*Asks:* 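After the structure tokens below, expect a handful of questions from me.
The model shown is predicted, which means the values in this text are computed figures rather than measured ones. Letters A, B, ... are given to chains in the order of the sequence lines, protein chains preceding strands, and every chain is numbered from 1.
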Amino acid sequence: MTELSSRFNPQDVEDKWLRSWEERNIFHAEPDPKKKPYTIVIPPPNVTGILHMGHALNNTLQDIMVRFKRMQGFATCWMPGTDHAGIATQNVVEKQLAKEGKKRQDVGREKFIERLWEWKKQYGDTIIHQLKKLGSSCDWPRTRFTMDEDYSRAVTHVFVELYKKELVYQGNRIINWCPRCQTALSDEEAEHQDTQGNLYHILYPFKDKPNEHVIVATTRPETMLGDTAVAVNPKDKRYKKLIGKTLVLPLMNREIKIIADEFVDPKFGTGAVKVTPSHDPNDFAMGKRHKLEFINILHPDGRLNENAGRFNGQDRFAGRKAVVEALKTQGLLEKIEPHQHAVGHCYRCHTVVEPYLSKQWFVKMKPLAHPAIEAVKKGKIKFTPKRWTKVYLNWMENIQDWCISRQIWWGHRIPVWYCPQCKAGKNIIVSETAPKQCPHCQSTDLRQDEDVLDTWFSSWLWPFATFGWPKKNQDLEYFYPTASLFTASEIIFFWVARMIMAGFEFMGERPFSDVYIHGTVRDTQGRKMSKSLGNAIDPLEIIREYGADALRFSLIINSGQDLFISKEKFEVGRNFANKIWNATRLILMNASAAGLPDSTPQASELYSRWILSRFHRTLDQVTRAIEGYRFSEAETLIYDFFWKNFCDWHLELIKDQWSSEETQQVTLHILEQSLKIMHPFMPFVTEEIFHILRPQAGSLSQQSWPKVEKKFIDAKIESEVDELMEIITAIRNLRSQWNISQGTTPDIVLIAPKGKVLGDTKRLAIQKLAKTGNIRLSVEKIKIKESASSLAGPFNIFIPLQGIIEIEKEKNRLQQELQQQVRSAESLSNRLQNKEFLKKAPADIVAKEKERLANFQAKIEEFRKILADLS
RNA sequence: GGGCGGUUAGCUCAGCUGGUUAGAGCAGUUGACUUACAUUCAACAGGCCGGGGGUUCAAUUCCUCCACCGCCCACCA
């Protein structure tokens, strides 16, 4: 086995195992009555996507859980797939077209969609391949796409069902309109960012007294062109008399009335509000209440339209400037105040969105929300970390209707047909399949609604539509509901909440029992990683340079909360993989894999029992950490166990003990067991080594997760070895402190508390140990198995002068330490005299403190003796 | 305006239900070419646990106020 390279080379093994896993199809699960199902569905990445760090984190977490559960014997199905991502993907292809100097309208709907499918075909699987490179053990043959035929049928079915239940309706309302994408957005798709803007104070003259006026304040002065009233609070004394008066809207010369409405806050601005019912949700509501005129002043692309008078054709922002200028010249602009306010931006293209009056389809959310709220309140669905529960409930309890129609072409076409023959388009046909003729007038000239559905209107069905719903089938029966959902907080409203609602509405059951919300990956300055900022670290580059295991391990160990990532952070994982690799090399140089035991080997020696105890304790902690979604903790435990306990101590302690059968067996056994618990975190390196150890055994992922055996966990053994370690460390420490070179052999005097004096053998052992300062050579000589029990108790080690050590230096050191000990002993003794403490503290704490004090006192005594000797 | 999270070593963070001497990684200093690994080994140094007040025998941990940083939500014209 010496031919193994001294450095672990991820590139040599990763693709090999990816192919092997794929060929053997070992991550595929079928319903199995003998096993319990464990299902999770992937948050489907967009087909526009290239793997970024967020994906890497998200999918590593899922993979850890899935591999863990698989090894625990569950029928584990991790459903993979991609999302068509309506607006995002359409934007990408539109950009492509733009390079050819074309718009989508130039090529036409049909051809444009063809291009989108081509794009999907070409790039849609890129991310799937990248997920595989990460090591994701998805049930790949099941891979779904939100626009698959079956899936699309489910989407249509849901629309029709909700329509029948009157939970889907068409309405003319103010929605968020993206002038660049030229489509309606849902409330969630408009991202509000605090923006430094201005509050423009504009004079509106009275009709009968043109020299007098009412002043209104607005952040969007161009919308005044669409004003149809000015509103004041009915209780506002300043304006009470003016209610009902007529004003002349500047620039437009339109007569508008002053109306009274409770909505107006007298304290804000001037207390008088211009009312633009077509371009503001509040004004819209007021417009309805007061039966005002609705004037749309914007083209869909954000230019002012013919209703804007002489500003017709100008872009909204240019129009803003022009309006302000015009008002200025007419002396109707009182002032401009700086004003910070939240401005909505399109979540796909970051263009400022406009509140826009249009006819759209909506889902009535309140009835759907009810069971979804109850489920979380009753703990049927749990959020981890818990605090997200509140965020979820708060949103759900204030839920607004969901605008689901989009004026784009890429997506599920709305299954609604209109009959132009029938009057006023009142007769609409909502149907899962294209109707042949109008049921009212028998006309065959039917037109399908031009719009498509919000992407999220398909993804909210993901946990069951991927299993073939609405068709009843065995897979759905067996794998639904799923277990855990892993996602980022940004997606709670878009997706998580809606999936919960859909789960109850259509399946009558929760879609998952746990929601795990992980942190956001940021750069070291705390900024989100993004292509546009240029601060993104490409996971694929990390895989190339450090390996997928390193990427995974490093991400997870940093994943307690938000992650602040720089390239160097991935060294931990790379180094750890290399450590595992080299430990294996050492072991295989000294023990043959042929001797690998199939069960826990006999362990009589202290070090065997110690490492077994440490392993089982770690196993127990790791298992519980994974089950509690504490992944970084699990990794830390594994890291510490393998590196510090197993490599730094065990492998060193046994170094000249290799001839022992027990040593070989125990060491091989621990190595193999460690590989198992490391496998979910680092599948490639562990798989490679496992294959070297057991070439015939198949994949490590098909092995069972080790069982915690309490009988191996032995606190006494662990504390004995701890003490030994302390002695050894103390000696190394002194060596280093006094710069004792390799060849020098100082005498060592060990000072133990009364009744705990070391025997000659042990003293000799420690002396020899000190000679080298290296435990490796010490093993044989120290004879741990015989001496361990008698080594119990705290020791001080003192090396007297041998012409090497400066006596004054040592005296000072001892003095200082003595003082510290005295201080500690004093405060402890005070404590032990405190009656309250004695009365109220638990007995074991009191006992422990007493023991501590005794130890301090013993130490003090010894120090004094030594100091006396030195003088 | 409402809500949430954070503040622990130079940096990034652990520290679960209060209880030995507050931990780790990185960076730093010192030493080591010890035949698994320099992607290594050994050792050292570095902390009024953001500030005030409270509860308790005991507070980094629980409560409260304050400061600063970050995030989310909201119809801030």
Side-chain angles (χ1 to χ4, degrees), chain A residues 2 4 6-8 174 192 194 199 216-220 223 231 263-265 268-276 280-285 339-342 355 385 387-388 390-391 394-395 398 489-490 492-493 520 522 524 526 546 550 557-558 560-566 568-569 571-590 624-625 628 630 632-633 636 639-640 644 647-648 651-652 655 729 732-737 739 741-742 772-777 820 824 828 831 834-842 844-846 848-849 851-852 855:
Chain A
T2 41
L4 295 183
S6 70
R7 192 162 280 189
F8 174 62
I174 297 271
H192 290 273
D194 267 357
L199 199 54
V216 297
T218 178
T219 53
R220 294 182 296 152
T223 61
F263 161 79
V264 179
D265 175 4
F268 189 92
T270 60
V273 187
K274 57 189 273 315
V275 183
T276 323
D280 183 279
N282 298 311
D283 295 6
F284 175 76
H339 178 69
Q340 196 174 331
H341 60 136
R387 67 189 134 93
W388 295 108
K390 224 172 153 179
V391 174
N394 182 52
W395 187 77
N398 296 295
S489 59
E490 295 102 85
I492 293 177
F493 308 143
T520 309
R522 300 168 184 282
T524 41
Y546 296 96
I557 207 155
N558 284 297
Q561 42 180 62
D562 279 2
L563 299 86
F564 300 88
I565 294 295
S566 60
E568 303 82 64
K569 293 244 166 156
E571 288 172 7
V572 200
R574 178 198 59 183
N575 296 355
F576 189 45
N578 190 242
K579 189 72 184 178
I580 300 168
W581 180 252
N582 276 293
T584 305
R585 285 179 64 220
L586 171 70
I587 294 165
L588 291 181
M589 281 174 191
N590 292 287
R624 278 185 294 169
R630 299 188 309 274
S632 63
E633 186 184 319
T636 308
Y639 182 88
D640 284 349
K644 293 175 182 171
C647 292
D648 288 351
L651 291 181
E652 293 299 332
K655 225 154 198 178
T729 303
R732 284 175 180 165
N733 190 337
L734 290 176
R735 251 192 186 289
S736 165
Q737 228 170 42
N739 212 1
S741 70
Q742 215 57 24
T772 61
N774 187 335
I775 13 157
R776 153 138 55 115
L777 291 176
Q820 226 171 46
S824 304
L828 243 186
R831 182 148 202 223
N834 186 322
K835 279 176 198 158
E836 293 295 310
F837 173 73
L838 292 173
K839 219 193 297 173
K840 292 184 182 164
D844 57 319
I845 297 283
V846 178
K848 267 185 195 165
E849 298 286 66
E851 200 184 312
R852 262 177 79 205
N855 287 339

*Asks:* Counting any heavy atom closer than 4.0 Å, what does A:R7 reach on the DNA or RNA strands: base, sugar-phosphate only, or nothing?
*Replies:* base
*Asks:* Over all strands shown, is A:D265 touching base, sugar-phosphate only, or nothing at heavy-atom distances under 4.0 angstrom?
*Replies:*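 Result for A:D265 = base.
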*Asks:* Hydrogens and angles aside, do A:N582 and A:R585 bring a side-chain donor and acceptor to less than 3.5 Å of each other?
*Replies:* yes
*Asks:* Salt bridge check, A:D648 against A:K644: does any charged N sit closer than 4.0 Å to a carboxylate O?
*Replies:* no
*Asks:* How would you label the contact of A:F493 with the nucleic acid (heavy atoms, under 4.0 Å): base, sugar-phosphate, or nothing?
*Replies:* sugar-phosphate
*Asks:* Would you measure the distance from the C1' atom in B:C33 across to the matching atom in B:A14 and give it in whole Å?
*Replies:*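 Their C1' atoms lie roughly 35 Å apart.
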*Asks:* Would you indicate what A:V216 reaches in the nucleic acid, counting non-hydrogen atoms under 4.0 angstrom: base, sugar-phosphate, or nothing?
*Replies:*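 No contact at all - A:V216 keeps every heavy atom at 4.0 Å or more from the nucleic acid.
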*Asks:* A:K835 near the nucleic acid: base, sugar-phosphate alone, or nothing, with a heavy-atom cut-off under 4.0 Å?
*Replies:* nothing
*Asks:* Does a side-chain N-to-carboxylate-O contact under 4.0 Å join A:K274 and A:D283?
*Replies:* no
*Asks:* Classify the nucleic acid contact of A:A342 as base, sugar-phosphate or nothing, counting any heavy atom under 4.0 Å across all strands shown.
*Replies:* base
*Asks:* Checking contacts here: which listed nucleotide (B:G19, B:U39, B:G3) is nearest the side-chain heavy atoms of A:A841?
*Replies:*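 Between B:G19, B:U39, B:G3, the one nearest the side chain of A:A841 would be B:G19.
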*Asks:* Over all strands shown, is A:R630 touching base, sugar-phosphate only, or nothing at heavy-atom distances under 4.0 angstrom?
*Replies:*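 Here A:R630 touches no strand at all.
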*Asks:* Taking any heavy-atom pair under 4.0 Å as a contact, classify A:N834: base, sugar-phosphate, or nothing.
*Replies:*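 It contacts sugar-phosphate atoms only.
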*Asks:* When all nucleic acid strands are considered with a 4.0 Å heavy-atom cut-off, which category describes A:A577: base, sugar-phosphate, or nothing?
*Replies:* nothing
*Asks:* Look at the side chain of A:T219 and decide which nucleotide, out of B:A36, B:G19, B:A77, has an atom nearest to it.
*Replies:* B:A77
*Asks:* Nearest to the side chain of A:F564, which nucleotide is it out of B:C76, B:C4, B:C13?
*Replies:* B:C13
*Asks:* Describe the nucleic acid contact of A:K839 in one word from base, sugar-phosphate, nothing, applying a heavy-atom distance below 4.0 Å.
*Replies:*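 Answer is nothing: A:K839 stays at 4.0 Å or more from every strand.
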*Asks:* Using 4.0 Å as the upper bound for N to carboxylate O, is an ion pair formed by A:K848 and A:E851?
*Replies:* no
*Asks:* So A:V391, base contact, sugar-phosphate only, or nothing? Heavy-atom distance under 4.0 Å.
*Replies:* nothing
*Asks:* Using OP1 and OP2 only, check whether a side-chain N or O of A:N575 sits under 4.0 Å from B:U40.
*Replies:*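 Result: yes.
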*Asks:* Does A:K579 put a side-chain nitrogen or oxygen below 4.0 Å from OP1 or OP2 of B:C41?
*Replies:* yes
*Asks:* Using a 4.0 Å heavy-atom cut-off, does A:P842 contact any base of the nucleic acid, only the sugar-phosphate backbone, or nothing at all?
*Replies:* base
*Asks:* Which part of the nucleic acid does A:E849 contact within heavy-atom distance under 4.0 Å: base, sugar-phosphate only, or nothing?
*Replies:* nothing
*Asks:* Among the candidates B:A77, B:G19, B:A36, find the nucleotide nearest to the side-chain atoms of A:V264.
*Replies:* B:A77
*Asks:* If B:U12 has a Watson-Crick or G-U wobble mate with both distances under 3.5 Å, name it; if not, just say none.
*Replies:*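 Paired with B:A24.
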*Asks:* Answer with base, sugar-phosphate or nothing: what part of the nucleic acid does A:R387 contact at a heavy-atom distance below 4.0 Å?
*Replies:*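 A:R387: backbone/sugar contact only, no base atoms under 4.0 Å.
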